[in-house]
J.: 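One structure is given below, represented as structure tokens, and several questions about it will come after.
Just so you know, these numbers use all the heavy atoms, side chains as well, and skip hydrogens, waters and symmetry mates.
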Protein chains: 4
Amino acid sequence: MKGNTTKLLEKQLDKREAIIKAAIEVFSYKGFHKAKISHIAKLADVADGTMYLYFKNKEHLLVSAFDELTENILIDMKSTISLEKTALDRLSKFIDLHVDIFTEKPEIARFLAIELRQSPDFYESYPAYNPLKEYISFIEILIIDAIEEKSIRAIDPKALTLIIFGTIDFLLTEWSTKNQSFLLQEMKDKIVDIIRWGIRV
Amino acid sequence: MKGNTTKLLEKQLDKREAIIKAAIEVFSYKGFHKAKISHIAKLADVADGTMYLYFKNKEHLLVSAFDELTENILIDMKSTISLEKTALDRLSKFIDLHVDIFTEKPEIARFLAIELRQSPDFYESYPAYNPLKEYISFIEILIIDAIEEKSIRAIDPKALTLIIFGTIDFLLTEWSTKNQSFLLQEMKDKIVDIIRWGIRV
Amino acid sequence: MKGNTTKLLEKQLDKREAIIKAAIEVFSYKGFHKAKISHIAKLADVADGTMYLYFKNKEHLLVSAFDELTENILIDMKSTISLEKTALDRLSKFIDLHVDIFTEKPEIARFLAIELRQSPDFYESYPAYNPLKEYISFIEILIIDAIEEKSIRAIDPKALTLIIFGTIDFLLTEWSTKNQSFLLQEMKDKIVDIIRWGIRV
Amino acid sequence: MKGNTTKLLEKQLDKREAIIKAAIEVFSYKGFHKAKISHIAKLADVADGTMYLYFKNKEHLLVSAFDELTENILIDMKSTISLEKTALDRLSKFIDLHVDIFTEKPEIARFLAIELRQSPDFYESYPAYNPLKEYISFIEILIIDAIEEKSIRAIDPKALTLIIFGTIDFLLTEWSTKNQSFLLQEMKDKIVDIIRWGIRV
DNA sequence: GATGAATGAGTTTTCATTCAT
DNA sequence: GATGAATGAAAACTCATTCAT
């Protein structure tokens, strides 16, 4: 009996996952408004109506997809990063991973880049929608650690967080929307070098 | 007779301008897809049908609004910046102006932030749509000049451009969506300091 | 110019009227929930979208149709009835007219009979929906007058109103839903006789 | 073994009964089209699919609910009424009981009022649907008896039936939708008095 | 050129019904 | 028999665009 229930639950989880995966795929390519529920349903291999057994409506699907995606990425990142010895290495590794993940799965980069910027209108109807909060907090903690261990000077953690996240986000947006017109890894290294040493002669 | 024609032309220009202004207002608040033509028309005080005498369709209106906006901003900036003596001062001034403009007119900041992130789908139907090209080229030129005058070291201009634009864009987004929870000017100064001197002890 | 405006307005009024007429036709035959907007639109010879220029939504269309219908009927009735000399004659005439109207236009009888009885649910979302109020008040006034002129004894006007309206309404419902299995005029006369003289030997 | 079967059968009967009870509850509040099968199923504490083991579809459920309801009411009424000596007393008692039942269980009054008025469309797909036939026949028989026993004059039984049923139905509708703004018993007595003695001075 | 009423294609969402377990 | 997850047809409603005036 229990095995049965477990199997059922697993099946449902699989279906939920399939829908989320399809949603990310379609949202990232079409954007929220041009994405059709029927298209996502077809990709996930379920009926249109089934979508509504798992998600209240289209907007909830977006929010859920976003939440689950960032949460999963963050969990993976944290476990990989914890292997590094110094805080500076961990910060460095974080940036590498961030770029790696989005290089390997550009649709996720697009999804984050495009859907992240919702209209004020959207934020008004979903006040709880703060998709990057955890992600950004995590960067800030890495920076604070690095300052404490004295690998970097005592700059404002928030300021550096804005630089790191803002730059990488824009880097990935440009890279993915401009058809990869430059070498991502190379550009990343150059950026890290500038942030590390500054621009002064 | 000629005066009449001029007046008419002026009236038309006024109308075009009014539509663009209204479009920026509405697009910036609602985003492209949720913005209604009829809403923009009402704000611009013209009939819905009139919109189509000036712009082929909704997407063209977006592109035109974007182009005109960045062009105007850029013209203003260039004339102000040219007063500065060194290339580094000009770069510095540029960042200040960028922040100033978007502090004064947050709807423009929102407009850029939102419309910048169009879906690949959108870029496919509007291959010519390259919204920030000129703006970014301008930053790049300022950087190249600064390198040439040796105020900054010989870093990759594209890399620094990504840092500068990406960071300020994210700074402004955070500032405006998080209800100005931090002091913009202060944060900007801290960021500039980090970019200038790096993070190393 | 004014003639033009008038013509335009007339055209719109015609359209509005056509929609209401079609709505009554379809609602009365199908009932509110099975009636399709597209069906009503086709009957009224307008596009589906046009419906929404004149009525906010399907429920508002129902309410508007109902209001306009009862109002028009009442205006006609009042003018005809006023020709009668005594209050009792007017009350008598009212019953005749009521039956006549619905005999001539059975779809209106059906519409009133069917749509009158909405679910509590419906009344909750449309608290102002009290379609028969005026109609029933009018009957009550006729009765009060008849009592004053002493053509009928001093019964409770509300009680008689309930008898008259309830009976005729049910009579028409039975007649229209049971495929006119009895002679309406004849039955009406019998009913009036009973109300007049009572059932006692 | 037999006891087991009986218990099982009882369980089934219970289930059927529970569904019908829930159906009346929901249909009476929501009306046929807005009532959801899943809602009725939840109230009856059975699975959605189970509904279809007992009733062919939603419309059959309505018809069955109606039939069983009127049948049960009628059986109760008949047994109570049979205690009365004269036909006129029985008719009188019938009216009292009718009002009593629907005062005690207003959801039944609503159910009758709403479902009685189905669209011609509905009657076409369910030609056998004649919800009040038995109920009305019963009134008619009581009237015929009263005429035969000469307690009332020789009026058309059908006409008086329409008056009695129509008036009481409307009385109850007004009373329940207008939030009991008048005293039901008192009004009923006034109505009976008018029907008995007529309105003439 | 300007208007704005009319259009109708396109999409989300609901819910009665089915059927594998 | 009982379940309830899955289905997919059906319909209200929106809004960019057109075109007669």
J.: In this structure, how many angstroms lie between the P atom of dT7(F) and the CE atom of M51(A), rounded?
T.: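 In whole Å, dT7(F) P and M51(A) CE are 11 Å from each other.
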
J.: Separation of H33(B) atom NE2 from dG10(E) atom C1', in whole Å?
T.: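 Spelled out: NE2 on H33(B) to C1' on dG10(E) is 14 Å.
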
J.: Send over the distance from I40(D) CD1 to dT17(E) P, rounded to a whole Å.
T.: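 Taking atom P of dT17(E) as the reference, CD1 of I40(D) is at 11 Å.
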
J.: Grab the CG-C1' distance between N57(C) and dA11(F) for me, whole Å please.
T.: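 Going from CG in N57(C) over to C1' in dA11(F) covers 14 Å.
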
J.: Paired with dA5(E) by Watson-Crick or G-U wobble geometry, both distances under 3.5 Å: which nucleotide is it?
T.: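 Result: dT18(F).
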
J.: With nearest nucleotides of DNA chain F determined for T50(A) and T50(D) from heavy-atom distances, which residue corresponds to the more 5′ nucleotide?
T.: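 Taking each residue's closest nucleotide, the earlier one in sequence belongs to T50(D).
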
J.: Quick one: are the ring centres of F66(A) and F111(A) less than 6.0 Å apart?
T.: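 Yes: the rings meet the under 6.0 Å criterion.
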
J.: Can you check side-chain contact (heavy atoms from CB on, under 4.5 Å) on F55(A) and I20(A), steps first, answer last?
T.: CA-CA 10 Å; F55(A) 304 94; I20(A) 292 233; 3.7 Å; yes

J.: If you assign D45(C) and S38(A) each to the DNA chain E nucleotide with the nearest heavy atom, which residue ends up on the more 5' nucleotide?
T.: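 Closest to the 5' end, via its nearest nucleotide, is D45(C).
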
J.: Please state how far atom CD in E59(D) lies from atom P in dC15(E), giving the value in whole angstrom units.
T.: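 Distance, rounded to whole Å: 16 Å.
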
J.: Decide, yes or no, whether a salt bridge links E68(A) with R16(A) under the criterion of side-chain N to carboxylate O below 4.0 Å.
T.: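 Yes.
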
J.: To the nearest Å, how far apart are L53(A) CG and dT13(E) P?
T.: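 L53(A) atom CG is separated from dT13(E) atom P by 14 Å.
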
J.: Under 4.0 Å, heavy atoms only, any strand: does A41(A) hit a base, just the sugar-phosphate, or nothing?
T.: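 A41(A): no heavy atom of the nucleic acid under 4.0 Å.
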
J.: In whole angstrom, what separates I37(D)'s CD1 from dT14(E)'s C1'?
T.: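 In whole Å, dT14(E) C1' and I37(D) CD1 are 14 Å from each other.
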
J.: Using purine N1 to pyrimidine N3 plus N6-O4 or O6-N4 for Watson-Crick, or N1-O2 and O6-N3 for G-U wobble, both under 3.5 Å, which nucleotide pairs with dA12(F)?
T.: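 When the pairing criteria are applied, dT11(E) turns out to be the nucleotide that pairs with dA12(F).
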
J.: Say whether, by atom type as modelled, one donor and one acceptor occur between the side chain of K58(A) and the main chain of F32(A) under 3.5 angstrom.
T.: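 Yes, the answer is positive, given that a donor and an acceptor are paired below the 3.5 Å cut-off.
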
J.: By nearest nucleotide on DNA chain E, pick out whichever of V46(B) and Y52(A) is the more 5' one.
T.: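 That would be V46(B).
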
J.: Does K30(B) come within less than 4.0 Å of E25(B), counting only side-chain N to carboxylate O?
T.: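 Result for this pair is no, no salt bridge flagged.
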
J.: Measure the distance from NZ on K36(D) to P on dC15(E) and round it to the nearest whole Å.
T.: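 Spelled out: NZ on K36(D) to P on dC15(E) is 5 Å.
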
J.: Side-chain N or O of K15(C) versus OP1/OP2 of dA6(E): is the shortest distance under 4.0 Å?
T.: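 K15(C) to dA6(E) OP1/OP2: side-chain N or O found under 4.0 Å.
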
J.: Is Y54(D) near enough to dA2(F) that one of its side-chain N or O atoms lies under 4.0 angstrom from OP1 or OP2?
T.: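 For dA2(F), OP1/OP2 do have a side-chain N/O of Y54(D) under 4.0 Å.
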
